[in-house]
Amino acid sequence: REQIQVSGSSTVLPYATIVAEAFGENTDFPTPVVESGGSSAGLKKFCEGVGENTTDIANASRAIKDSEIEACKANGVTDIMEVRIGYDGIVFASDIAGNDFQFTPADWFNALAAEVVKDGKVVANPHTKWSEIRADLPEQEILAFVPGTKHGTREVFEEKVIAAGCEESGAAEVFKAEKGEDEAESACMALRTDGKSIDIDGDYTETLARIQSAKNGIGIFGLSFYENNTDKLKVATIAGVQPSTESIASGEYPVSRPLFFYVKKQHIGTIPGLKEFTEFFVSDELAGAEGPLAAYGLVADPELAATQAAVADEKTMATAQ
Amino acid sequence: MSDASLDGAKPRNSLLVADPHTRKRNAAEARFRAYGLGAIVISMIMLVILLSTILGGGVSAFRQTYLEIPVALDAAQLDKNGNRDPQDIRKILTLTYGKILQQALEQTIADKGIAIAGLSDKDVTGMISKEASAQLRNRVLADPELIGQTVTARVLVNGRVDGYYKGRVSMESAARDANTSPAQLQLADALKAQGMLATQWNWSFLTSPDASDQRPEAAGVGIAILGSLYMMLVVLALAVPIGVAASIYLEEFAPQNRWTDIIEVNISNLAAVPSIVFGILGLAAFINFAGLPQSAPIVGGLVLTLMTLPTIIIATRAALKAVPPSIRDAALGVGASKMQSVFHHVLPLAMPGILTGTIIGLAQALGETAPLLLIGMVAFVRNVPSAPPDGLFEPASALPVQVYNWTQRADPAFIERASGAIIVLLVFLLCMNLLAILLRRKFERRW
Amino acid sequence: MNDMRILERAVEQTEIKISARDVQVWYGDKHAIKDVDVDLLDKTVTAFIGPSGCGKSTFLRCLNRMNDTIDISRVEGKITLDGEDIYDKRVDPVQLRARVGMVFQKPNPFPKSIYDNVAYGPRIHGLARSRAELDEIVEKSLRGAALWNEVKDRLNDPGTGLSGGQQQRLCIARAVATQPEVLLMDEPCSALDPIATSQVEELIDQLRAEFSVVIVTHSMQQAARVSQKTAFFHLGNLVEYGNTDDIFTNPRDPRTESYISGRIG
Amino acid sequence: MNDMRILERAVEQTEIKISARDVQVWYGDKHAIKDVDVDLLDKTVTAFIGPSGCGKSTFLRCLNRMNDTIDISRVEGKITLDGEDIYDKRVDPVQLRARVGMVFQKPNPFPKSIYDNVAYGPRIHGLARSRAELDEIVEKSLRGAALWNEVKDRLNDPGTGLSGGQQQRLCIARAVATQPEVLLMDEPCSALDPIATSQVEELIDQLRAEFSVVIVTHSMQQAARVSQKTAFFHLGNLVEYGNTDDIFTNPRDPRTESYISGRIG
Amino acid sequence: MPASWTLLIVLALAGAGYFVTRARVIAQAGGDVRRLHSRPSYHGWNAALLTALPALFLIAIWRFVQPAANVTPVAILALVLAAAGLGLALMRSAPGFRARNAVEATVKGLLILCSSIAILTTAGIVFSMLFETGQFFRQYPWHDFFFGTTWSPRFGGGSQLGILPLLWGTLYISLIALAVSVPIGLFAAIYMSEYATPRLRGVAKPMIEVLAGIPTIVYGLFALITVGPMLRDWFAQPLGLGSSGSSVMTAGLVMGIMLIPFVSSLSDDIINAVPQSLRDGALGLGSTQSETVRKVVLPAALPGIVGAVLLAASRAIGETMIVVLGAGAAARMDLNPFEAMTTITVKIVSQLTGDNDFAAPETLVAFALGLTLFVITLGLNIVALYVVRKYREQYE
Ligand SMILES: Nc1ncnc2c1ncn2[C@@H]1O[C@H](COP(=O)(O)OP(=O)(O)OP(=O)(O)O)[C@@H](O)[C@H]1O
Ligand SMILES: Nc1ncnc2c1ncn2[C@@H]1O[C@H](COP(=O)(O)OP(=O)(O)OP(=O)(O)O)[C@@H](O)[C@H]1O
Ligand SMILES: [Mg+2]
Ligand SMILES: [Mg+2]
């Protein structure tokens, strides 16, 4: 096999293709083949074994799980290099012609949770308008397009927005008191199913299309997607912070997640250009704050230098641990 | 309808006026006919609506905006050692070429005396597609002697500017758009006025490979066409003969027993298996077990073959069943073997049904993405695969995959590309079906 | 059974049921029926005779517009039923065919049960008010077609599982069950044994009391036995038409004579 | 033409071509053929007569195993051709059918051209070495079946576009063209006019010189004219089998007598 | 590529075998082909098959068992095999040799082989999912899966993975899709085969077939952007049936459109194959054309039509994109057709292509869903087979 095979997350896909394209243009190696199919499928293929017909790199919008490392090991994939390429910001946006929103996580919890606390009591979520939650929010039907349960973004949304909002609003305390520790946690993250919160199993383009056919909807997007569609979408602030690569990199904007790729070290040397590609990916010219990836919406990793060093040393996860 | 009263002798009615019963039946007849016509009209209207949305959104993908500017290939930047050593020139990355192009554009703006209020550096840099620097680099690598000269470069412009000339982007939307600005569009207008910028027929959409998210203007369906073509070759070469053979066996030769019932149920059940499950099978059987390469049209073709087989078999069996037994008897009666009676008489009569199955099966196979997800064909591929048979084993994309990928991309310019790719896909399909349709017409007869 | 007795039955009827004038039929380029003029009488059995391929079936199919179903066939001329042009635009061929029934040359039972085959016509025309009435019609028709005894125990078996002659009788029963005014029968007895044949002939004779029957036959004896009028076709032409007695005893045209005496085919 | 002269043809042949012993046929539960024992002679025309539905076609289909194609039919007993059991496992029914040809009761031409219909058998059996030879076979067969004159100008027209009687003759020509040793003809003349009938009868007489012919017919006259041996079936039984002369002049079984004299059907 | 060279040589040998044997046997018969048991070309074919098949099978088996191994010895073995086959064929060729039977037996063998591919595929599908399904049921209780009425996978564990809402959605959407496509398709087929002029039919049929070739994403977007809002604004909201933009109805309708050609084209072929004599029989009794169609032609064409409908139903069950965009992703059990629901297939795809841990039940459930769906459709197909058997009307 001549070309590098990359598989995995569709969130990382755009960045990986930008890099692959540049790699193909600027080196004598063929352009790597970048598949998309989700982090899970990508890692699964990655862990299928070692050899020509297995992939070399798996993109993931989350860290690899221990169970997955085990599965990898069982198939002989023992030396895995973990590379963090940066962060993906998650933003709330609505139709450009609609109202402006300034949210707090608590607003989202109160809008979308299955059960909320009203006057100290746990009740099924009664809210139908944003203004019912907080008077200074616009009087607009609650309609949210949240990523479906297949998306990694959903996990981030549940943890960093809904669960955080649960704490922030004090509902967590009440839940704990009423249901106990374990139940409370899942009660905090359970979303309502009465059609106010709509799961999107497709991707951001679908969310965008849905907002265009239901103008009062608010969607959850990746930062890069929003940045490419600023003429159609209006972004909301969270806790008063406007999302941008800078505010996310600095940690001011709370909702983001790291993006990774995993390299099969056992293929370095047998697959031409694998090491070079990995280094190329994390080089300052590409993954740096001024590089094309950042221009496209990737939040550059402040610790990029450490990553570069680790890649140069071919540090595997085992050696790192 | 048995309520018409009738006493002994029938009244003798005129033929020219329908009696009530006949009128009722004729009304039913007319309704029935109207339903039929209505069904066809509905189908046609739907077809027209769908096609017009596709065409409306997609034909513009076949046109593209280009900018022609003189570019000074600065030797100091491109060949620092000055010895035109190809190795050294290779070391210069596209970034440098990007800068050169930017300088060239700035130079042009200055030369032509174009002054636009609020024109930022970013607007000027962003005007030219990132693809252009790669093209320029390749041009220089192919002919190092160009270094130091001033050449005329025909470069792609940014997707937003292109969209401006296709009506996708307006001054108002540009004002809100982070990736362009009214000033940039004004610059484009100014360049257009100078005759340097034009929207032209775009062959490269059909020939060039996919491009990354940052350069929608450069993305094409070349590799996808090849990949689909290769896969269809495999499907055609395998699914049709195997499907027809299997149907012939089951319908004409197999004894009627439990075993054939199992096979029969099995086949119709396979038709109901979601296509992605065939992807799971393909991954397990062809890649992990048989060791075929990933992302290769051969695997895609095999998976699609398995997926198409039930369709073809069901259609073929239905068609074989519909051939009257007297034809078989006639052949057997003159001493033809069962095999001969089938191949000489029954099969030709069943041909229309077989071809219909093929048309529908191939249409499905050609448009399918889900199973390709798992065998690595939903991928970003930029290297053109070679000719078959070797090319069958090299990575390629496919048309529906390209559509699927492009509809997921953030940049709205890809929507237009996706529609364009759908047009290509439909044209591809029509070409493929044309032969089948003509053949079918030849074989159709009533007896 | 094998006599050639020509019954001295008077042809009292003079009322014209079907009249054809200058009828031409083409199959593509082939001119299958040429200039046929004929008046078929009411309450009369008319026999069409003539060598195979001379156009008997074709002309028969013109009489209830069954030729419409053959793409390449084209009919010209004028055919009237009770004085009304059946090729008139306003005429509903369905109504026409309900009044002019047909038994085809090749038996074509529906792939349904024997009962349903016979009950088909009465059902669509609403001839029976109740199931019992329908049963009655079916039985009567099957009896008339001399099939009842053979199939009475298997009325629910498919009609396609019958022997050739049984299928033929089934088709006769099917046509009779719809009670048409004119019954066109294309070689209805070709696959029948002599007994069955004579039973069908009896049926035809009964039908004559009320209806008009046209029968195509290759058996001169049969024509002589059942028909009052005979038409002799040859190469698409109606050569001679007249009282059966006259045609068989005293043909005017030499071709008729040769055919009857077995010299031309 | 309409005589019932029974030819005084000597039945010299004694060589047995087909011999059936204790043959039973069931269609599902229906016992269609019961205990039939018969020896069909070589170079002889045997006529099967009997009322419609008595099992003539069924028995005929047993003789070249065409019954194999009917799912629900089941054959028992032993039938030999030239002493070899045709229901033996080693027997290739294809080869059997090439030797024992068949003309079906309902004409079933292939939806191909007239020429191809006739040429089909010779082609698959390799009976012609060249196109010219094939043309010759086709012409000879069509002439034999008395169809040549009617179709010689339209050999490339579809066989399904012929008249009923023409189709029947086409099927005869098709069967003859394969030159079988035994020819089974199920009512081959039912749709033919007297002249065509006599021509086909002549053909049968010619074939007898070399082959063995079995013909099902409802016409007693025809049986008398063409056959040397006659078998009378009734309700699935073979009632009587013997020289045609004897059967018609001096039937032994009362049922035969009644049938011939037209009393049972 | 030595493999392709071997292939070419084997095929060339087979071709040579055809001509040589054919010529030889003609010579043996002294030029009179009538003395042969089988036509000369059968002798030729026999030789060709005998030469090519064993060698090709060897190569194919080798390719599967030992994909990367050194091919030279195998290639040589294959060539030897081919040569041996050719020799055998030549040796056996004699006027009396039953070449036709030999060829037909071989062809029949090949036909059986082809039909067994269906069985192999089924076995492959079951095996490729069995292991993961087992894994799933080890981690998730089976009764919760089969009888659970909630579907809500979670990343952190504690998912509820009941199949019932998905099954309900699958059936509901498929039913609506069939309710659209079967009448329209059938009427279109009837019109094309019974009423339309050949010209209209020649145009309409291929045109309608284009509907089957339009990528499903186009239908999906059509559902999402056009049909969904339309149904919401014109039906759901005025009727007080909710205000969901995506609904079972939307997906069903749009999918129904896609499925029209499956029903219409196949049925049209089958209806067209019903012999004209049957129509004549009915018309001759004075039935209208529609009565002829309904009472005679359709029953006679029933098995084929049921096949076509089954095919359409199968596609409906297997469709993803239209459901995702048209019906949404919410797993819900509801009678209201204007509510969002989803299907098993959609969830198979989304769980398989999601971001979950690939060894967690949330991903493995896809396999369990797949296998369950497989069993369910198997049941439906058995019923369909039974129905067809019962009502089949065999003409002639
Ligand atoms: N396919 C079949 N299925 C069931 N019963 C059948 C089938 N074919 C024939 N039969 C029955 O078997 C009996 C004998 O039929 P057969 O066709 O042999 O009669 P036949 O003597 O040829 O009559 P005919 O002179 O009318 O052609 C009949 O009662 C008939 O109904
Ligand atoms: N569908 C058709 N297409 C073309 N030619 C046809 C068609 N039907 C009949 N013919 C031709 O028209 C002529 C008359 O046919 P017709 O069926 O009327 O003959 P017929 O008198 O009924 O003969 P038979 O006694 O053999 O049934 C014949 O030459 C026949 O070949
Ligand atoms: Mg006729
Ligand atoms: Mg019979």
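Owing to the predicted nature of the structure, the values given are computational and were not obtained by experimental measurement. Each chain gets a letter, A, B and so on, in the order its sequence line appears, and its residues count up from 1.
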(request) Tell me, for E:Leu211 versus chain B, whether the close heavy atoms (under 4.5 Å) come from the side chain, the backbone, both or neither. (result) both
(request) Can you tell which part of B:Ala284 gets under 4.5 Å to a heavy atom of chain E, answering side chain, backbone, both or neither? (result) side chain
(request) State whether B:Arg440 and E:Glu209 are salt-bridged, where the test is any N-O pair (Lys NZ or Arg NE/NH1/NH2 against Asp/Glu carboxylate O) under 4.0 Å. (result) yes
(message) Quick check on E:Phe262 against chain B: is it the side chain, the backbone, both or neither that has a heavy atom closer than 4.5 Å?
(response) both
(message) Does any backbone or side-chain atom of E:Phe131 lie under 4.5 Å from a heavy atom of chain B? Answer side chain, backbone, both or neither.
(response) neither
(request) Let me know if E:Ile260 has heavy atoms under 4.5 Å from chain B in its side chain, its backbone, both or neither. (result) side chain
(message) Given heavy-atom pairs under 4.5 angstrom as the criterion, report whether the side chain, backbone, both or neither of E:Phe222 touches chain B.
(response) side chain
(message) Can you list the residues of residues 35-43 of chain B that sit under 4.5 Å from chain E, counting heavy atoms only?
(response) B:Tyr35, B:Gly36, B:Leu37, B:Ala39, B:Ile40, B:Ile42, B:Ser43
(message) To check you understand the geometry: which heavy-atom pair defines the closest contact between E:Thr377 and B:Ala272, and what is its length?
(response) CG2-CB, 3.7 Å
(request) Check B:Pro274 against E:Thr345 and note the closest heavy-atom contact, atom names and distance. (result) CB-CG2, 3.4 Å
(request) Using non-hydrogen atoms and a 4.5 Å limit, figure out which bit of E:Ile112 sits close to chain B: side chain, backbone, both or neither. (result) both
(message) Please classify the contact of E:Leu378 with chain B as side chain, backbone, both or neither, using a heavy-atom distance under 4.5 Å.
(response) both
(message) Measuring from atom OG1 of B:Thr53 to atom CD1 of E:Ile225, what distance do you get when rounded to the nearest 0.5 angstrom?
(response) 9.0 Å
(request) Please look at E:Leu385 and chain B and tell me whether the side chain, the backbone, both or neither of the residue comes under 4.5 angstrom of a heavy atom of that chain. (result) side chain
(request) Please flag which part of E:Ser265 lies under 4.5 Å from any non-hydrogen atom of chain B: side chain, backbone, both or neither. (result) both
(request) State plainly whether the residues E:Arg389 and B:Glu264 are in salt-bridge range, i.e. N to O under 4.0 Å. (result) yes
(message) Tell me if a side-chain donor or acceptor on B:Arg441 pairs with a main-chain N or O of E:Gly202 at a distance below 3.5 Å.
(response) yes
(message) Does any backbone or side-chain atom of E:Val306 lie under 4.5 Å from a heavy atom of chain B? Answer side chain, backbone, both or neither.
(response) neither
